[in-house]
Amino acid sequence: MPRVVAGAAIFLGAGVIAFAFAVPTLSTSSEDPVQGHDEPRVTLSPVRSSDPRSSDEVNGVVRAAPGTDVSGLRVDLVPLFSDEDAKRRTTTDRSGRFSFEDVDVTPGTPYAADVRFQDVTFPSEVLRFGTTPQNPVVVVVAPPTRSTSVIGLDVESVAVVGDAKGAQVVHALTVRNRSKLAYVGALRLPLIEGGNAIDPRAGLDRRLLDLGNGEIVSRAPLVPGRHDITYTYVSPMPRDGLSVRRTATHPTKRFELLVGGELTAARPGKPTPAEIVTIGPEGRERQYTRIKVSNLAPQQTVRFIVSVKPASNTLRSVGLVAAALVAVAIFAFPFVRRRHRAKQPPSPQPVYVE
């Protein structure tokens with residue numbers, strides 16, 4: 001049994017890792033190049049460790065729409081794992097540039113540069129290495145708005161992998177701000193009921209997150225362009241199945257549910273065709289069942305039930321019975337042999353004739 005449990009854990013863990021390669025990594029893009037599809041985009045930030053100054057210097061630039069004055073803006077360099085009172089402050093020059101010297105920036109001591117523009121704080125990406133004047137961190141700012149009409153979702157994906165003991169969930173969204181303003185209203189991110197051990201990943205600033213009423217609320221501004229957001233968590237698996245319920249807060253072009261491991265899914269009341277898809281890097285692909293729903297309007301609700309495949313319980317029972325029979329056979333066989341030998345007539349003794 002330990003081997004069976006270990007094998008199942010490895011399989012489920014590999015499935016989650018495979019899906020993680022398909023969802024966005026740590027980045028939020030303000031530029032919007034032409035895309036041939038609307039899948040979440042993977043962007044890798046360059047490692048800026050070749051410059052000898054990059055480990056103790058942070059350089060940045062504030063960008064905005066043409067004609068916007070970006071001079072004299074307050075910039076706070078905030079350590080993420082230390083007391084916020086240790087932050088340092090400067091202002092931008094006429095071109096929107098700023099710099100901090102003698103800063104120990106490492107993967108273990110990350111920082112963020114917060115720019116204050118029109119009474120709104122615009123955070124940079126998480127800095128795990130220093131930056132140079134030739135390759136500065138870019139912070140995009142824009143006039144704020146709270147109108148939800150500027151926000152829409154290209155795609156929202158929920159991947160659930162697990163078994164009867166519980167599930168791991170990867171939630172990925174591609175959010176688009178089609179206006180020239182920065183959306184500063186609350187962005188509500190759903191959680192499956194019972195979700196816990198939440199881990200914010202791409203596109204989320206832990207300092208600007210609130211948790212309550214079964215959802216995550218992000219207070220980070222969304223500048224014009226496309227934003228890839230990812231977070232993960234775990235959830236128990238009720239005996240009658242896991243309810244995945246989503247009420248759209250913004251227009252959503254496509255909502256999709258992917259399930260893997262020993263799980264299956266159905267849409268109660270509205271049977272929806274499902275398809276088998278393969279996700280993951282070459283050599284580590286995993287199969288998922290995917291159900292898609294298109295063009296959700298605000299306040300429209302979709303619901304799915306994720307449950308353990310019936311065949312999984314049957315196969316597990318068959319395996320246990322087979323193992324029990326093998327064990328009985330192993331222990332019983334020596335006794336059977338001995339009893340069989342006892343019933344055989346004694347072998348004739350040789351007779352010697354002188």
Side-chain angles (χ1 to χ4, degrees), residues 1 4-20 23 155-173 188-199 211-217 230-249 252 254-277 279 286-294 296-297 299-324:
M1 284 302 294
V4 175
V5 174
I10 293 172
F11 173 80
L12 295 177
V16 173
I17 293 171
F19 183 80
V23 298
V155 59
E156 179 176 354
S157 297
V158 181
V160 186
V161 180
D163 56 17
K165 296 180 180 179
Q168 291 180 300
V169 183
V170 180
H171 208 124
L173 308 90
R188 295 165 54 193
L189 305 172
L191 295 171
I192 295 176
E193 184 176 359
N196 58 84
I198 302 164
D199 184 11
L211 180 63
N213 298 324
E215 63 183 5
I216 306 172
V217 178
T230 307
Y231 53 101
T232 66
Y233 53 98
V234 299
S235 176
M237 179 61 66
R239 304 185 76 178
D240 55 351
L242 188 64
S243 177
V244 180
R245 183 185 181 91
R246 174 61 162 139
T247 299
T249 55
T252 304
R254 188 176 81 242
F255 179 93
E256 61 182 27
L257 173 70
L258 299 100
V259 296
E262 298 182 13
L263 304 179
T264 185
R267 188 181 180 191
K270 293 184 178 180
T272 304
E275 58 182 337
I276 303 298
V277 296
I279 298 176
R286 292 293 183 274
Q287 285 191 339
Y288 296 83
T289 300
R290 179 169 66 181
I291 304 176
K292 296 187 297 184
V293 181
S294 300
L296 293 178
Q299 304 308 313
Q300 184 176 350
T301 299
V302 291
R303 180 173 176 267
F304 305 89
I305 296 295
V306 176
S307 56
V308 180
K309 296 177 181 177
S312 300
N313 292 329
T314 303
L315 291 175
R316 187 182 295 109
S317 299
V318 171
L320 292 174
V321 171

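Just so it is clear, the model here is predicted, and its values are computed rather than measured. Side chains included, hydrogens not; waters and symmetry mates left out as well; all remaining heavy atoms used.
- Atom OG1 in Thr264 sits 12.5 Å away from atom CZ in Phe304 (nearest 0.5 Å).
- Annotation: side chain of Val169 is not in contact with side chain of Val234 (no heavy-atom distance under 4.5 Å).
- The backbone N or O of Gly194 lies less than 3.5 Å from a partner atom in the side chain of Asn196, making a donor-acceptor pair.
- Taking both residues in full, the closest heavy atoms of Val160 and Ala167 are given as CG1-CB, 3.6 Å, listed atom of the first, atom of the second, then distance.
- With a 4.5 Å cut-off on side-chain heavy atoms, Ser307 and Leu263 do not count as touching.
- Here the closest heavy-atom approach between residue Ala265 and residue Val306 is recorded as CB-CG2, 4.2 Å.
- By the side chain to side chain donor-acceptor pair (under 3.5 Å) test, Thr301 is found to be paired with Thr247, residues two or more places apart in sequence or in another chain being considered.
- Using a 4.5 Å heavy-atom cutoff, the side chains of Tyr231 and Val170 are not in contact.
- Atom OG1 of Thr249 is separated from atom CD of Gln299 by 8.0 Å, given to the nearest 0.5 angstrom.
- Between Pro236 and Leu242, the shortest heavy-atom distance links the atoms O-CD1, 3.4 Å.
- Residues passing the side chain to side chain donor-acceptor pair (under 3.5 Å) test with Arg188, sequence neighbours excluded: Glu215.
- By the 4.5 Å heavy-atom criterion applied to side chains, Leu257 and Thr289 are not counted as neighbours.
- The heavy-atom pair separating Arg303 from Ser243 by the smallest distance is NE-OG, 3.3 Å.
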Derivation and outcome, side-chain contact (heavy atoms from CB on, under 4.5 Å), residues Val308 and Met237: CA-CA 9 Å; Val308 180; Met237 179 61 66; 4.3 Å; yes
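- In this structure the side chain of Ile279 reaches within 4.5 angstrom of the side chain of Leu258, judged on heavy atoms.
- Atom CG in Leu191 sits 10.0 Å away from atom CZ in Arg246 (nearest 0.5 Å).
- Checked for salt-bridge contact, Arg254 and Glu156 miss the test: no charged N lies under 4.0 Å from a carboxylate O.
- No option in His171, Glu256, Lys292 other than Glu256 meets the side-chain contact (heavy atoms from CB on, under 4.5 Å) test with Ser157.
- For Glu275, the side chain to side chain donor-acceptor pair (under 3.5 Å) partners at least two apart in sequence or on another chain are Arg290.
- Leu189 has its side chain within reach of Leu173: a pair of non-hydrogen atoms, C-beta onward, lies under 4.5 Å apart.
- At most 12 non-hydrogen atoms from other residues, nucleotides or ligands lie less than 6.0 angstrom from CG of Asn213.
- Atoms CG and CD1, on Leu211 and Ile216 in that order, are 6.5 Å from each other to the nearest 0.5 Å.
- Ile198 CD1 to Tyr233 OH: the interatomic distance, rounded to the nearest 0.5 Å, is 8.0 Å.
- Here CD1 of Ile305 is found 10.0 Å from CZ of Arg245. Values are rounded to the nearest 0.5 Å.
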Please test Gln300 against Thr252 for side-chain contact (heavy atoms from CB on, under 4.5 Å), starting from the C-alpha separation and ending with a verdict. CA-CA 10 Å; Gln300 184 176 350; Thr252 304; over 6 Å; no
